[in-house]
Visitor: 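Got a structure here, written out as structure tokens. Questions coming.
When a ligand or atom number is given, it counts from 1 through the structure's own listing order.
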Amino acid sequence: MANPKPGDFVEVITTEEKITGTLLQSPELDKNIIILKLSSGYNIGIDEKKIKKISVTQPAPKAAPEKEKPAAAPKASSMLPKISILHTGGTIASKVDYRTGGVVAKFTPEEILAMFPELKGLAAIDSRLIRNMWSEDMRFAHYNVMAKEVAKEAAGGADGVIITHGTDALHYSAAALAFALENVGIPVILVGSQRSSDRGSTDSALNLVAAAYFITHSDFAGVAICMHENLSDNAALILPPLKSRKMHTSRRDAFRPINVPAIARVDPEQGTVSFLSEKHAKKNKRSPVKLRLFNEALKIGILKTHPNMYAAEVAAYTRFDGLVLEGYALGHAPINAIDEHTGEHKKILAALAALAKKIPVAMASQCIYGRLQMNVYSTARDLQAAGIVGNLSDMTPETTFIKLAWLLSNYKKSEVKELITRNLRGEITERTEPNSFLI
Ligand code: GLU
């Protein structure tokens with residue numbers, strides 16, 4: 001058998017089929033498996049025992065030397081509106097490392113701009129890196145970094161800000177910024193991508209260009225998310241920062257609005273922006289942003305109710321500052337001792353009541369869609385009597401988590417329990433629209 005190296009494009013003939021792809025490094029723990037990256041982007045493992053023949057059809061390209069210095073940022077034309085792109089990392093700023101098959105965060109902001117020349121025609125682009133991280137590593141401190149950088153750009157005269165961000169925890173950051181940036185008079189649009197920017201199938205071009213198009217062709221002000229509307233590459237949705245969620249692990253249209261319609265649809269190629277929601281805040285560059293930041297030392301948990309739950313799970317949060325209880329449906333938890341198997345449920349109720357005396361415990365529904373109705377069944381009435389708050393909220397668990405952290409950072413503990421169910425920034429709607437399910 002030939003001796004192909006990682007990075008080579010190979011043809012493999014097995015006992016069952018013929019497969020072509022880029023050879024990746026074999027896994028440490030199983031050297032008898034070879035891994036191929038297929039043209040679809042997926043990796044497959046093939047047992048060496050099944051391989052009849054493997055041949056190199058194209059040797060690995062020589063690795064390009066790392067640039068010492070990033071290329072200078074493209075000069076902006078002063079007649080165009082000014083957009084500042086703040087990069088935080090994620091797949092959008094990454095390339096596939098064809099030797100390992102992994103995705104590495106590698107692009108400089110300047111390289112991203114060079115890759116998407118459409119952006120330069122739309123606006124005078126300023127671009128800088130404020131972090132280079134995966135979004136799963138974001139902490140409250142990073143929300144403060146982003147909020148302060150946005151405020152700096154707004155004060156410096158930017159007409160809009162785009163934040164490039166990993167998608168995994170993007171909806172948490174969007175919610176955090178929507179609370180932290182009070183009275184922001186310019187659009188602040190978070191953009192991610194599911195496929196790295198160096199791939200032919202990348203979704204970052206549409207997401208970035210649509211965000212820039214929306215900023216320059218609408219009167220919208222405030223925080224929003226811009227991601228693909230569907231699987232084709234023509235329209236992006238502008239999504240509400242406090243009512244959206246990543247609903248699929250890999251599809252380019254993974255971000256969906258929850259319980260409300262999207263804010264707008266943008267088709268930069270056709271040159272259209274269509275608003276889908278009735279109201280939005282309007283641009284006002286003179287409105288000074290008030291920063292209401294996060295207390296970075298807060299400990300907030302999320303506990304999901306599940307069958308066979310134990311009171312010890314609730315007690316684990318005793319030293320926390322707040323807890324989101326991701327309960328069942330209308331706002332339920334296993335607290336009814338109904339037979340010889342459910343004695344633990346009495347202890348769960350007691351643990352919840354003891355915890356709610358110390359810290360705010362806010363209910364959110366693991367259904368994701370819909371509204372809490374904690375007066376319908378006795379279970380939720382008993383939970384309310386035990387001090388659990390949140391009745392009538394239609395916030396996602398993620399928004400409830402961010403709101404609880406932000407309230408505890410900015411208000412007295414005694415106010416938090418009342419404010420959690422009061423709509424402050426569009427996070428709670430008055431009515432649930434029947435046509436807002438699974439859109
Ligand atoms: N887990 C990474 C992140 O969220 C990669 C996924 C992505 O960028 O979309 O940053």
Visitor: Between E229 and R265, is there a salt bridge with N-O shorter than 4.0 Å?
Guide: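 Result for this pair is yes, salt bridge flagged.
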Visitor: Under a 4.0 Å threshold between the charged nitrogen and the carboxylate oxygen, would R425 count as salt-bridged to E182?
Guide: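 Between R425 and E182 there is a salt bridge, with a charged N closer than 4.0 Å to a carboxylate O.
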Visitor: What I want to find out is whether K246 reaches D168 closely enough, with some N-O distance under 4.0 Å, to be called a salt bridge.
Guide: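 Salt bridge flag = yes for D168 with K246.
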Visitor: Would you call K243-D394 a salt bridge at under 4.0 Å N-O?
Guide: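 The answer is yes: the pair qualifies as a salt bridge.
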Visitor: Can you see whether S193 engages N207 through a side-chain donor-acceptor pair at a distance of less than 3.5 angstrom?
Guide: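 No pair is found: no donor N or O on one side chain lies under 3.5 Å from an acceptor on the other.
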Visitor: Less than 4.0 angstrom from a charged side-chain N to a carboxylate O is my criterion; do D233 and R252 meet it?
Guide: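 Answer for the salt bridge query: yes.
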Visitor: Just to be sure I understand the cut-off, which residues have at least one non-hydrogen atom under 4.0 angstrom from an atom of ligand 1?
Guide: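 Around ligand 1, where the cutoff is 4.0 Å for heavy atoms, the contacting residues are G90, T91, W134, S135, E136, G166, T167, D168, S193, Q194.
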